Amino acid sequence: MATWSDEASTEEQWSRVLKAAAGEASGPPSFLSFGEALLTYKPALMKEEDNTLMAPSARHCLQSIGGSELNTALALARIGVFASWVSLLPTGPIGAEVLD
């Protein structure tokens, strides 16, 4: 069963979810979602040496990964439901970022 716990590291938790999605967990999932991951980039506020805020810069961004299908599967896995998420990811750094 793929579960999410506060005691396991994020890497271990993702590993459980990915194993379940790859069919390496026993039995069919109780919940299966299909969909894309949503990557959001927003300009980060930077601070000068004197702690004053600089204007947002496109060179420094904050990234978050989500998407309703992915978020739902993760939320259910966190409460112990055997949930899987199926998607196609690009090869290269963007796909690797979602898997990490």
Side-chain angles (χ1 to χ4, degrees):
M1 174 188 268
T3 60
W4 199 278
S5 76
D6 293 331
E7 296 156 8
S9 72
T10 302
E11 183 176 317
E12 291 168 338
Q13 294 167 356
W14 272 106
S15 176
R16 291 179 194 158
V17 171
L18 293 172
K19 282 181 182 177
E24 296 173 13
S26 60
S30 300
F31 179 84
L32 180 63
S33 68
F34 293 85
E36 69 280 351
L38 174 69
L39 278 69
T40 305
Y41 295 92
K42 62 181 179 180
L45 290 175
M46 305 299 293
K47 289 188 177 183
E48 296 281 359
E49 289 179 16
D50 63 356
N51 276 346
T52 58
L53 290 177
M54 296 170 34
S57 168
R59 288 181 284 159
H60 301 282
C61 292
L62 300 174
Q63 176 189 15
S64 60
I65 300 171
S68 59
E69 299 87 357
L70 176 58
N71 289 343
T72 301
L74 286 173
L76 289 170
R78 285 179 179 160
I79 61 171
V81 175
F82 182 12
S84 293
W85 170 68
V86 178
S87 186
L88 271 175
L89 296 173
T91 57
I94 292 177
E97 187 68 28
V98 173
L99 292 176
D100 285 341

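Note that the coordinates shown come from a computational prediction; the quantities given were computed from them, not determined experimentally. Quick note: numbers below take in every heavy atom, side chains included, and nothing from hydrogens, waters or symmetry partners.
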How close do [X] and [Y] get, counting heavy atoms only, and between which atoms?
X	Y	answer
Asn71	Gly66	OD1-CA, 3.5 Å
Gln63	Glu97	NE2-CG, 3.2 Å
Ser87	Ala37	OG-N, 4.3 Å
Val98	Ile65	CA-CD1, 3.8 Å
Gly95	Leu89	O-CD1, 4.1 Å
Ala73	Ser33	CB-OG, 3.8 Å

message: Does Ile94, at its CD1 atom, have more than 12 non-hydrogen atoms belonging to other residues, nucleotides or ligands within less than 6.0 Å?
response: no
statement: The reported gap from CD1 in Ile79 to CG in Leu74 (rounded to nearest 0.5 angstrom) is 12.0 Å
statement: So CZ of Phe34 and CG of Leu70: to nearest 0.5 Å the spacing works out to 14.0 Å
query: Looking only at atom types and distance, does a side-chain atom of Trp85 sit under 3.5 Å from a main-chain N or O of Gly35, one as donor and one as acceptor?
result: yes
message: When you measure from the side chain of Ser84 to the backbone of Leu32, do you find a donor-acceptor pair of N or O atoms at a distance under 3.5 Å?
response: no
Leu39-Leu99 co-clustered via ILVMFWY side chain contacts under 4.5 Å: yes
- request: Kindly write out the residues that satisfy side-chain contact (heavy atoms from CB on, under 4.5 Å) with Ser68, not counting sequence neighbours, or none if the list is empty.
  value: none
